There are 2 protein chains.
Amino acid sequence: MQDGNTQQPTQINIEASIVSGILSARIRPGTRLGESQLATLFDVSRTRIREAMMRLETRGIVTVFPRRGWYVVEPSAEEAMKVYSARRVIEFGLLRNMSHLPDAGLKMLSDHLAEERQAMAEGDRQRLTVLMADFHIRIAEIAGNEIIVETLRDLTARTILISMLYQSDFHASQSHDGHCRIFAAMQVGDFSGAAEYAVQHLNEVETGLDLTRRPDPLAALRTSLSLPPSNWKTKKEQ
Amino acid sequence: MQDGNTQQPTQINIEASIVSGILSARIRPGTRLGESQLATLFDVSRTRIREAMMRLETRGIVTVFPRRGWYVVEPSAEEAMKVYSARRVIEFGLLRNMSHLPDAGLKMLSDHLAEERQAMAEGDRQRLTVLMADFHIRIAEIAGNEIIVETLRDLTARTILISMLYQSDFHASQSHDGHCRIFAAMQVGDFSGAAEYAVQHLNEVETGLDLTRRPDPLAALRTSLSLPPSNWKTKKEQ
DNA sequence: CGTGTCAGCTTTGTATGCAAGATGGAAATA
DNA sequence: TATTTCCATCTTGCATACAAAGCTGACACG
């Protein structure tokens, strides 16, 4: 009669708070996630932290360097392209397979676009990064397939990390326009067109990245030697 | 100079051998995966087993019933539909985003279809189940996006579990024909058509399932009360 | 001044121990 | 006989202990 499939609440909170930290652009790529550090922070033993880390690792959000530590991933240029490519595949298929836009979805998206406009007016760049990514998750939520939502959420987390690494200049209004085009097409039931706009939008965002820029001057050497990331002392703020 | 990103080999083997057991239809849905059981089987401590289980859980392949045990998932009818829906989205988008079929891919697919024909001739149903699922992973591999490959592999594992639960009669030749149509379209560079055929094929397979059939008569009640699965004593054969 | 070595500290990897919860069956009761 | 209670047993949840390996910095040496 109660909740089925009870999972221990803290376990999820550890995972979720790190993911949400990334989704809200508070945790930077390369951030070190020390086990005992997090253990004291969440007031649990290292065991639980490790479990959360392993889950996050299979989701592609953190990496472990054996005997050295856990780090938030710093996607390489190649990985960044793969992430965008995967998103193109999924979002295109998602929109093409939609048949109609329910009223709740319409409201959700138009509210979201209003938020984007507001953040642009206020010039809140961090908030914009979050909103720009969230738009795509919203669409998946409207489509209603939870599996796709989860996949896209993890890809979005990685996208944000990529933006933090490679986004030199932030074309917020261009992105916003892209979202508006997608929404407009959805609104009139042209999901085929919306899908095309989505691919086009993702291409624009991807070409807006400076994939030759490296996180730090030594990064090229570092990654080619598969050494650990740079931000050694960066702690999870809070 | 050697391998970067070294992960402890056994860890992966535990996970991989369970997944491959499912992909080859040797492990049935609902199979109990006892921690100490697996620990002695793989000759490691429970800790490692638990880690592997948690990874598999985030991949949607096993579930834990608190204090009762780990079980290979038994997808409900609703979950089955979500899996097929997600696959339609991904495979459609995948084919639509392909631009050409490399020679290696062409050979891989035609070899695969030959294998399918052979298995059909021999009437090897288990092998057919595996091959039918594998075809779709092959396509993702040819497209070359590892993220999509991984996602699709996990969805395929679930698909096989679904087939084992709900597939009353097995229309192998129908599936094979579907694959041939997709391949033929790809061969002439008509990826748009291939994408349509893929969706159509997945629809056929899905409607071929008897989603009203329950694994066991009490399953509906059992799952609605979120009780543990049925095959209590089923051990992982070795 | 630069380089190599080593000790001590820190961090992860793995096993083990113990507690809490769930199950199944025996025993007691009506 | 049918039903309920309770205990022995099993399984997971979580924490802790210890081992292995990496890092840092001091010190010695060229």
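All chains are named by letter (A, B, ...) in the order of the sequence lines, taking the proteins before the strands, and each is independently numbered beginning at 1. Basis for what follows: all heavy atoms, side chains included, without hydrogens, waters or symmetry-related copies. It should be emphasised that the depicted structure is a prediction, and the values quoted were computed from it without experimental measurement.
Rounded to whole angstrom, the span from the CZ atom of R48(B) across to the C1' atom of dT16(C) amounts to 15 Å. The distance from atom CZ of R32(B) to atom C1' of dT12(D) is 9 Å, rounded to the nearest whole Å. Here dC14(D) presents its P atom at 13 Å from CG of D43(A), a figure rounded to the nearest Å. Per the geometry, CD belonging to E35(A) stands 15 Å off C1' belonging to dC14(D), to the nearest Å. Taking atom CD1 on I49(A) and atom P on dT11(C), their separation rounds to 14 Å, with Å as the unit.
If you check dT12(C), dA15(D), dT11(D) against the side chain of S36(B), the one that comes closest is dT11(D). If you check dT14(C), dT12(D), dC14(D) against the side chain of E51(B), the one that comes closest is dT14(C). The side chain of T47(B) has dA15(C) as its nearest neighbour among dT12(D), dT16(D), dA15(C).
Counting heavy atoms from C-beta on, the side chains of V205(B) and H201(B) come closer than 4.5 Å.
Where V44(A) and W70(B) meet DNA chain D, the nucleotide closest to each residue was compared, and W70(B) sits on the side nearer the 5' end.
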Problem set entry | Trace of the side chain to side chain contact (heavy atoms under 4.5 Å, CB included) decision for I162(A) with V83(A) | CA-CA 9 Å; I162(A) 291 168; V83(A) 168; 4.0 Å; yes
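Taking 4.0 Å as the cut-off between side-chain N and carboxylate O, R88(A) and E206(A) count as a salt-bridged pair. R158(A) and E79(A) are not joined by a salt bridge, as no carboxylate oxygen comes within less than 4.0 angstrom of a charged side-chain nitrogen.
Ring geometry, F135(A) versus H179(A): the interplanar angle falls under 30°, so the pair is classed parallel (tilted spans 30 to 60°).
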Look for any protein N or O under 3.5 Å of an N or O in nucleotides 18-22 of chain D and output each such pair with its distance, or none.
residue, atom, partner, partner atom, Å
dA20(D), N3, R67(A), NH1, 3.1

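Applying the salt bridge (Lys or Arg N to Asp or Glu O under 4.0 Å) rule to pairs touching residues 125-136 of chain A yields E115(A)-R127(A), D134(A)-R138(A), sequence neighbours excluded.
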